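Sequence lines set the chain letters: A, B, ... in the order given, protein chains first and strands last, and positions in each chain run from 1. Just so we're clear, the structure is a prediction, and the values are computed from it rather than from any experiment.
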Amino acid sequence: MEWEVVIGLEVHVQLATQSKIFSGASTAFGAAPNTQACAVDLAMPGTLPVPNEEAFRFAVMFGLAMNAEIGKRSVFERKNYFYPDLPKGYQTTQLEQPIVGEGQIEIHLEDGSSKTVRLHHAHLEEDAGKSLHEDFHGMSGIDLNRAGTPLIEIVSEPDMRSAAEAVAYLKKIHSIVTYLGISDGDMSQGSLRCDANVSVRLKGEEELGTRTEIKNLNSFRFIEKAIKVEAQRQIDLIEDGGKVVQETRLYDADKNETRSMRSKEVANDYRYFPCPDLLPVVLSDEYIEQVRGDLPELPDAKCARFEKEYGLSAYDADQLTQERSTANYFEQVAAKSGEAKLAANWVMGELAALLNREEKSIEQSPVNAEHLAGLIARIKDGTISSKIAKQVFEAMANGDGDADTVIEAKGLKQVSDTGAIEKLVDDVIAASSAQVENYRNADPDKRPKMMGFFVGQIMKASKGQANPQMINKVLKEKLDALL
Amino acid sequence: MHQLTIAEIIRGLRDKQFSSVELTSHYLERIQQLDNQFNSFITVTSEQALKEAAAADARLAQGDAPALCGVPVAHKDIFCTNGVRTSCGSKMLDNFVPPYDATVIDNFQRAGAISLGKTNMDEFAMGSSNETSFYGAVKNPWNVERIPGGSSGGSAAAVAALLAPGATATDTGGSIRQPAAMTGTTGLKPTYGRVSRWGMIAFASSLDQGGPITRTAEDATLMLSVMASPDAKDSTCLDRPVQDYTAHLNDSIAGLKIGVPSEYFGEGLDSEVGARVQDALKEYEKLGAELVEISLPHSKLAVPAYYVIAPAEASANLSRFDGVRYGYRCENPADLRDLYMRSRGEGFGEEVKRRILVGSYALSAGYYDAYYNKAQQVRRLIKQDFVDAFDKVDVIMGPTAPNPAFKLGEKNADPVAMYLEDIYTIATNLAGLPGMSIPCGFAHGLPVGLQIIGNYLDEARMLNVAHQFQQASDWHQQTAPAAE
Amino acid sequence: MAVDAQTIEKLAELARIAISEETIDEVSSRLGDVLQLVDQLQAVNTDGVEPMAHPLDEVQVLRQDAVTEPNQREAFLALAPQSEAGLYLVPKVID
């Protein structure tokens, strides 16, 4: 039997507004508990919400980037339930008339293929506070700083068929929201969180299987693992004659398993109804067009431009445009060095490896775009070879200054002086009589291959600094002269 | 001094006939001496009032006096007052001292008014008799065995007993007009959104509206001019300039078209009450107005629609009272669920709990369409009745309440009978229209109210119409015997 | 028309309001009276009528994105039944 996994994602993205969605309290991360919870956030009696214009602008930007319909009339509703991190006893959210309607995006998979994922809708809502579980004499502590932080909840159709597709979709959402600058997308701080609806069915089957919802996934790695392990659990269950129960589950990363969240299962009846404290938000066509006009270049457009403008391969262009910061860095290096292909290779190669090793983002890169461009310029003008360039790069990464400073200080300048090269060649020929003899006796077709030995010896003697093109030229002349 | 109207007080203070400190002390003494009969105040802020009065006297002396400088008023205990306990008539908030002011309170302070204290009310404004208050029932100054109406019964009784020349109140289904009618006072509920709801503890957000209870229409004008304001803190507050309500008070009402809805004079209306309202309409004819018979065909659906919508909104509005951040918390909760269940079970009174349950029912899965949605559709039909009527008439008049003040305890056992008290007032809340009640005589020895319903934002005309009646009658000048 | 005890219990749970065994009959009979009153709505033909959540056809005015609220934690925490280390305390929250 061949199984098919069906996945739909609900992604919560915190919007990077200064103040909360319904109050003038700050949304800054990391403040002391309850110092950013004002009377409205605390649901003090008599307080009332007033929505934040910027949250709407951000949501419209997102909708436009997703090629989605924009809700010209959107309505907030109350979702009623009791929880200590929800001060009003209801969450103000959108249900029937969300700000963003149906849309779709292309996702790009590792194997180079792409796929369309449909957006069901996206709505604006407020985040809840946090329950802190460290022990206060057997009690929990409630911090309401996060309560009222604006979120967009992005609900996909169940269009994904593997954990890898789910991750690609989420990366695309991450890429879009960070490109738009509407969220910092920082998953470690909870700026982007995801619930996954997972079901399985036999391949070819039309009807969807019973789904479970895995709550609060907050890293790409966990999402992939959680979906895989949950899908397998469902398959095993069905193959053993069991039935999947529709329920909410939590992923336990330590045990790499999902478990039922029974506490959330008690008959939820959210009693949604339009929030009477808020009026319908009506957006004009002019407003929407103005927001559209102000949209920055998005990943897909940038990718196409990189291919065309810089002559990059589709793969390279895609890699470089997934993150806005990487794309910006690359463009600076390409512009300053005038060598787009070399710039692409360095950004995806040495630089990526360095950042990975040091667990740093590109904004924190120890080698800035200007320094990298300077290095590439020195490769291009023949001052150093690619091989030496790696040495210079490491030195720049260690804070030894720009490429020229490093090359000067370490004397890494490429030897291109004819006299010096001739001397190096002569010395090696003199010290390699056996190889010279072989060369002379060899079939002329095989001779070019045999030159490698001599080149290697000469480079070694020059500590890698001799100009390889010149070595080739002088060496060939000298060896041929011996024939 | 306590016989003076607000208009007379303003003149007296400016003419230095008396000082604000003298006046304020006089009212505070009256409250101390007389209010044990009526229970109209929950909290009296004597010290603060005298301090404010002294400051007002200083401003008056300097000639830098805002509109209500030095005028003592009382505030319904639903308006949050910075540093003064705001209970909303509930055990739930018995210990609640807000660190902020309602916009209405702010407006009165900026106008230089003195706050005498906080008036009693039905718990969370849910009631028509002022018997659901955690602080005990309020008694009607016209007959202390009778209710003063509700939910603003404390404000109405305080004004009727001359313990304050005016008081703030709120009206969700009749809570300003019905107690005004039963205590022989003048009460005004403005157009929805005219008065800010910021800091006014919510019962049903799409229906609640603050307004004044006074002794005359002229005083209502002075109070409303201060209460009404745009407010960026309340999304539902209208962002439009406040009319000059005093400018048209003395306009002639000759040619005024008064709509008289046949539905307001049918079964259930006490015949003496009906007769007094008819007398008032005749008086209006004498003043040159024309009576036009109209129909508001969906009138009888107002009470059922209201008792879905108001409890539905209330069920969510009152979820914040959970024993976590402020207010009542039960003793020794066993766990989180127990904390919620008992804090709310013990902190709320029976009527409040009943309405929360009804509201939860109307919104719950499977019932939403049949109840909540249906009620909101009927609400539109009710509004349309009024829109059609106002095509033909300038104001609508009828009784405020179907009967005069009833005996304490009389309708306690039957919530539905109590709900029908607001049969003539509820529709204007559903439609968002302004409404007033002014005294128009006595039935069974008790005051009767004439209801005046105005078109949207037509408060100035409504006040003009009320004032002209009061120029031609003296029902509003009658004072309750217990007030002497 | 009384509402059955099971419904009352469900509503009490949704609304987090403890109702004692002794009062449940009274609550159910009174709730039944209220529901009977509102059931008059069922007879009305409302086909094609748009539900009206607000009395006036106003639209929302949005607020500029600016931080305007200062930290008033101590004033608010002073109102709390139980707090510690800047946090509101509640019986253990179990996920």
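Contact annotation for B:Ala370: both backbone and side-chain heavy atoms come within less than 4.5 Å of a heavy atom of chain C. Interface residue B:Ser364: only side-chain heavy atoms are found under 4.5 Å from chain C. Heavy-atom distances place the side chain of C:Glu58, and not its backbone, under 4.5 Å from chain B. Heavy atoms closer than 4.5 Å to chain B are found in both the backbone and the side chain of C:Val34. Only the backbone of B:Leu430 comes within contact range of chain C, with heavy atoms under 4.5 Å apart. Contact annotation for C:Thr7: only side-chain heavy atoms (C-beta onward) come within less than 4.5 Å of a heavy atom of chain B. Heavy atoms closer than 4.5 Å to chain C are found in both the backbone and the side chain of B:Leu357. Neither the backbone nor the side chain of C:Leu62 comes within contact range of chain B; no heavy atom of the residue lies under 4.5 Å from a heavy atom of that chain. For chain C, no part of B:Tyr306 is nearby; none of its heavy atoms comes within less than 4.5 Å. For C:Glu50, the parts lying near chain B are the backbone and the side chain together; criterion is any non-hydrogen pair under 4.5 Å. In this structure, the portions of B:Ser360 lying under 4.5 Å from any heavy atom of chain C include both its backbone and its side chain.
Contact count against chain B (heavy-atom pairs under 4.5 Å) is highest for C:Ala18 among C:Ala18, C:Ala12, C:Ala80, C:Ser20. Among C:Ser83, C:Ala53, C:Ala75, the residue with the largest count of heavy-atom pairs under 4.5 Å with chain B is C:Ala53. The choice from C:Leu79, C:Leu89, C:Ile8, C:Val90 that makes the most heavy-atom pairs within less than 4.5 Å of chain B is C:Leu79. Highest contact tally toward chain B, considering only C:Gln60, C:Gln42, C:Gln40, C:His54, is held by C:Gln42 [criterion: heavy-atom pairs under 4.5 Å].
Remark: of the listed residues B:Thr236, B:Val195, B:Asn429, B:Val195 is the sole one forming a side chain to side chain contact (heavy atoms under 4.5 Å, CB included) with B:Gln209. Evaluated for a ring-ring contact (aromatic ring centres under 6.0 Å, His included) with B:Phe321, the options B:Phe96, B:Tyr328, B:Phe124 yield exactly one hit, B:Phe124.
Between B:Ser206 and B:Arg379, the side chains place a donor N or O and an acceptor N or O closer than 3.5 Å (distance only, hydrogens not considered).
Salt-bridge annotation for B:Asp231 and B:Arg197: absent, with no side-chain N of the basic residue lying under 4.0 Å from a carboxylate O of the acidic one. We find that B:Glu123 and B:Lys91 are not joined by a salt bridge, their nearest charged nitrogen and carboxylate oxygen being 4.0 Å or further apart. Electrostatic pairing of C:Glu13 and C:Lys10 does not count as a salt bridge here, judged by no charged N lying under 4.0 Å from a carboxylate O. A salt bridge does not link B:Arg354 to B:Glu350: none of the charged nitrogens lies less than 4.0 Å from a carboxylate oxygen.
In this structure, B:Lys353 is not positioned above the aromatic face of B:Phe348 in the sense of NZ or CZ being under 6.0 Å from the six-membered ring centre and within 45° of the axis.
In B:Asp239, the CG atom is not crowded: 12 or fewer heavy atoms of neighbouring residues, nucleotides or ligands sit closer than 6.0 Å.
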